[in-house]
Amino acid sequence: MYELPKKYDLIVIGSGHAGVEAALAATRLGCSTLLLTQNLDTVAQMSCNPAIGGLAKGHIVREIDALGGAMGVNADATGIQFRMLNRTKGPSVRAPRAQCDKKAYQFRMKAVLERAPGLDLKQATVSRIRTNQGCVAGVETDIGLAISARTIVVTSGTFLRGLLHVGENSKPGGRMADTSSGLSGSLKELGFEVGRFKTGTPCRISSRSVDFSRCERQTGDDPPPRFSFLPLSDPPIGDIFTLNRHMFHMEQLPCWLTHTTAQTHEIIRQNLHRSPLYSGRIQGTGPRYCPSIEDKIVKFAGKRSHQVFLEPEGRHTEEFYVNGLSTSLPYDVQVELIQSIPGLERAELMRPGYAVEYDFFPPTQLHLTLETKLVEGLYFAGQVNGTSGYEEAAAQGLIAGANAALKVRKGPPFIISRREAYIGVLIDDLTTNGTDEPYRMFTSRAEERLSLRQDNADQRLTQRAFEIGLIDQERHAVFSKKMVALEALRKSIETVKVAGKSVSALLKMADFRLATLPPEVRELASPELWELVETDLKYEGYVRRQAGQNEKLARGGARPIPSDIDYDQIRGLRLETRQKLAAARPDSIGQAGRLSGITPADLSIISIWLEKNPVSYADRPQDGAFS
């Protein structure tokens with residue numbers, strides 16, 4: 001065994017989205033950091049859809065950026081289509097999403113890592129975690145290299161005993177054309193509980209074989225919404241962000257919409273016995289909210305068609321991602337079902353869809369810092385904690401990397417509460433409740449979702465990031481300048497009057513339009529600041545009401561739930577909620593809230609229903625559990 005002479009403060013295992021943010025967070029806090037990856041050519045690889053953001057996920061990316069992370073800047077720089085989802089709905093559920101150039105995103109992020117001071121990158125497969133008296137001591141690789149470290153962050157994603165499935169064929173791997181990792185065996189020896197999950201991806205097709213005239217064109221927003229709070233007009237903020245001023249994108253590229261057909265569904269039904277998901281060869285639990293097309297056809301048998309989005313993978317490739325058709329069916333069946341879809345009658349597969357099973361570690365084995373309870377100095381982040389999605393992984397990586405660095409510096413832990421951010425909701429849900437299926441973020445998971453908007457993430461988190469060193473003086477100066485201007489605008493609108501009314505009163509009116517204000521009033525601030533102030537004023541009543549409901553819900557945790565309640569009668573509950581509550585039969589609201597996947601919104605709906613139905617349940621004699 002060869003011992004590397006250099007000793008590191010922190011080693012990050014894995015270079016996916018969690019590993020990237022963990023390594024960069026640690027270096028920003030001054031720690032000597034080593035990032036180990038099985039393949040330096042796949043750093044920040046977008047293994048599935050090359051898209052960043054989306055519902056609730058876009059909130060997380062803006063929070064990552066507010067904390068000094070790299071994901072938002074990188075998506076802005078390499079995006080090929082940008083949209084603000086739910087634009088016609090309330091501001092709390094609006095979320096940015098960007099389709100990115102897959103290779104540009106990956107190469108640019110690798111450049112950021114290579115230029116980060118205090119960070120080394122090495123290609124190596126870690127086979128064992130070294131410990132000494134219950135604390136981490138370093139790692140060993142599969143080629144006999146030992147490296148010492150004071151802390152370690154494991155972000156190995158789907159590579160832990162990864163097993164790929166295409167029809168009747170299976171082979172080891174965490175991603176097609178990549179190998180798997182046996183590191184979970186070492187962690188199991190240390191006493192960690194191990195679970196098994198499954199995920200999958202659709203095929204990729206050549207755009208030259210698509211008849212786009214039979215598809216519906218989907219264009220991006222103009223101007224494109226951005227993830228980063230860094231203004232483009234300012235000078236570069238630190239070496240890591242220099243590339244932010246050299247955006248790669250020019251014109252946006254369109255995506256396309258088509259649908260499955262009755263023929264598609266019949267092809268799948270006839271070949272279910274050949275799917276590893278239905279033949280019993282796959283044992284891991286898959287993601288509920290990103291099901292395979294086989295699952296969609298079986299579980300939603302009455303649905304006549306499903307949407308299929310054709311999304312370009314980059315500016316310099318003809319590959320298109322077939323969003324909505326994740327599958328592990330055999331290759332010949334994939335060709336047949338793809339060619340049964342309008343516009344894809346002559347489609348050529350460039351890569352088949354596949355499923356992957358992998359090990360994860362139930363996250364109740366972690367502290368809120370994402371440090372493990374069993375081994376001091378060892379942290380887990382990303383899909384190894386049972387989550388799905390680039391954004392959820394990146395958020396965990398940032399928090400784990402920051403806390404590992406703070407441990408080295410003997411500083412206090414960095415913990416974000418669920419009232420402060422979706423990142424806080426994510427980590428609290430995982431470490432408190434665990435998860436029995438791949439965890440995905442939704443706005444309904446947050447009690448304070450009306451306050452946790454994507455447009456105010458910097459106001460919630462950037463000062464905290466500055467206080468521990470995650471952002472530097474230059475970036476903090478940009479933030480402070482914005483906050484001074486925002487506060488000045490808030491004060492001004494209380495005194496400035498238009499047609500006898502204060503501007504603050506006008507902004508609260510539902511039908512008010514900023515364009516109706518005189519130009520000299522509009523010039524008090526930028527459109528961005530006006531939108532922030534207007535949103536705060538219009539929704540302050542709703543925010544107060546939500547806070548009251550949350551307080552009432554917290555007090556009502558002991559409220560009993562009748563054992564024979566029919567959850568199907570309660571309108572507004574999601575299918576997942578009904579299924580989990582019917583299976584667990586919790587005795588109280590508090591007990592229901594501790595079930596994985598049950599959201600604050602679910603509990604509120606149940607509480608309101610019980611209040612409105614006292615005769616049916618609350619007033620009748622209860623069984624022994626409630627006496």
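Positions are given from 1, in the same order as the sequence printed here.
Judged purely by distance below 3.5 Å, without hydrogens or angles, the side chains of Ser596 and Asn433 never pair a donor atom with an acceptor atom. When only modelled atom types and interatomic distance are considered, Arg559 and Ser607 share no side-chain donor-acceptor pair under 3.5 Å. A donor-acceptor pair shorter than 3.5 Å cannot be found between the side chains of Thr369 and Asn403. Residues Gln99 and Asn49 have side chains that bring a donor and an acceptor to within less than 3.5 angstrom of each other. A donor-acceptor pair shorter than 3.5 Å can be found between the side chains of Glu311 and Asn323. Residues Arg288 and Thr285 bring no donor and acceptor atom of their side chains to less than 3.5 Å of each other. There is no side-chain donor-acceptor pair under 3.5 Å between Ser604 and Gln549. Side chain to side chain, Tyr439 and Asp429 meet the donor-acceptor criterion of an N or O pair below 3.5 Å.
Salt bridge Asp436/Lys580: present, at least one basic N to carboxylate O contact under 4.0 Å.
Here the side chain of Asn456 pairs a donor or acceptor atom with the backbone of Ser451 at under 3.5 angstrom. Judged purely by atom type and a 3.5 angstrom limit, Glu63 has no side-chain atom pairing as donor or acceptor with the backbone of Leu461. For Glu21 (side chain) and His17 (main-chain N/O), no donor-acceptor pair under 3.5 Å exists by modelled atom type. Side chain of Asp359 to backbone of Arg161: no donor-acceptor contact under 3.5 angstrom is found. Judged by distance alone, the side chain of Ser588 and the main-chain N or O of Gln591 form a donor-acceptor pair under 3.5 Å. At distances below 3.5 Å, not a single donor-acceptor pair connects side-chain atoms of Arg449 with backbone N or O atoms of Ser92. Remark: side-chain polar atoms of Arg226 are not paired, donor with acceptor, to backbone N or O of Gly72 under 3.5 angstrom. In this structure a side-chain-to-backbone donor-acceptor pair under 3.5 Å is present from Thr155 to Ile13. In this structure a side-chain-to-backbone donor-acceptor pair under 3.5 Å is present from Thr372 to Leu378. When atom types are taken as modelled, the side chain of Arg269 and the backbone of Val298 share no donor-acceptor pair closer than 3.5 angstrom.
A distance of 10.0 Å separates OG1 in Thr577 from CD1 in Ile570, rounded to the nearest 0.5 Å. Remark: Leu160 CG to Lys188 NZ distance equals 12.5 Å, nearest 0.5 Å. To the nearest 0.5 Å, the span separating CZ on Arg175 from OG1 on Thr199 amounts to 12.5 Å. Atom CD1 of Ile468 is separated from atom CG of Leu67 by 8.0 Å, given to the nearest 0.5 angstrom. Atom CZ of Arg87 and atom CG of Leu85 lie 9.5 Å apart (nearest 0.5 Å). Residue Asp428 holds its CG atom at 12.0 Å from CZ of Arg445, rounded to the nearest 0.5 Å.
Contact between Ser47 and Thr201 at its shortest, heavy atoms only, is O-OG1, 4.2 Å. His265 approaches Ile297 most closely through the heavy-atom pair CD2-CD1, 3.3 Å. The two atoms that bring Cys100 and Tyr105 nearest to each other are SG-CD1, 4.1 Å, heavy atoms only. Shown here for Thr435 and Asn385, the closest heavy-atom pair between the two residues is CG2-O, 4.2 Å. For the pair Pro600 and Ser444, the tightest heavy-atom approach, listed with the atom from each and the gap, is CD-O, 3.6 Å.
Counting only heavy atoms from C-beta outward, the side chains of Phe442 and Thr599 never approach each other to under 4.5 Å. Side-chain atoms of Glu447 and Arg419, non-hydrogen and from C-beta on, never get closer than 4.5 Å to each other. For the pair Arg204 and Pro202, the minimum side-chain heavy-atom distance is below 4.5 Å. Here the side chains of Glu294 and Leu337 are not in contact, with every heavy-atom distance at 4.5 Å or above. Residues Gln579 and Arg574 are not in side-chain contact: their nearest non-hydrogen atoms beyond the backbone lie 4.5 Å or more apart. Two residues are said to be in side-chain contact when any heavy atoms from C-beta on lie closer than 4.5 Å; Val166 and Gln334 meet this criterion. Annotation: side chain of Phe360 is not in contact with side chain of Thr387 (no heavy-atom distance under 4.5 Å). No side-chain heavy atom of Trp609 sits less than 4.5 Å from a side-chain heavy atom of Leu573.
Across Glu357, His165, Gln283, a single residue satisfies side chain to side chain contact (heavy atoms under 4.5 Å, CB included) together with Lys198, and that is Glu357. Applying side chain to side chain contact (heavy atoms under 4.5 Å, CB included) to Phe380 and the options Leu370, Ile152, Leu430, Leu187 leaves one that passes, Leu187.
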Test Arg281 against Ser170 for side chain to side chain donor-acceptor pair (under 3.5 Å), laying out the working first. CA-CA 9 Å; Arg281 292 178 50 235; Ser170 301; 2.3 Å; yes
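Under a cutoff of 6.0 Å and an axis angle of 45°, Arg62 and Phe229 form a cation-pi pair.
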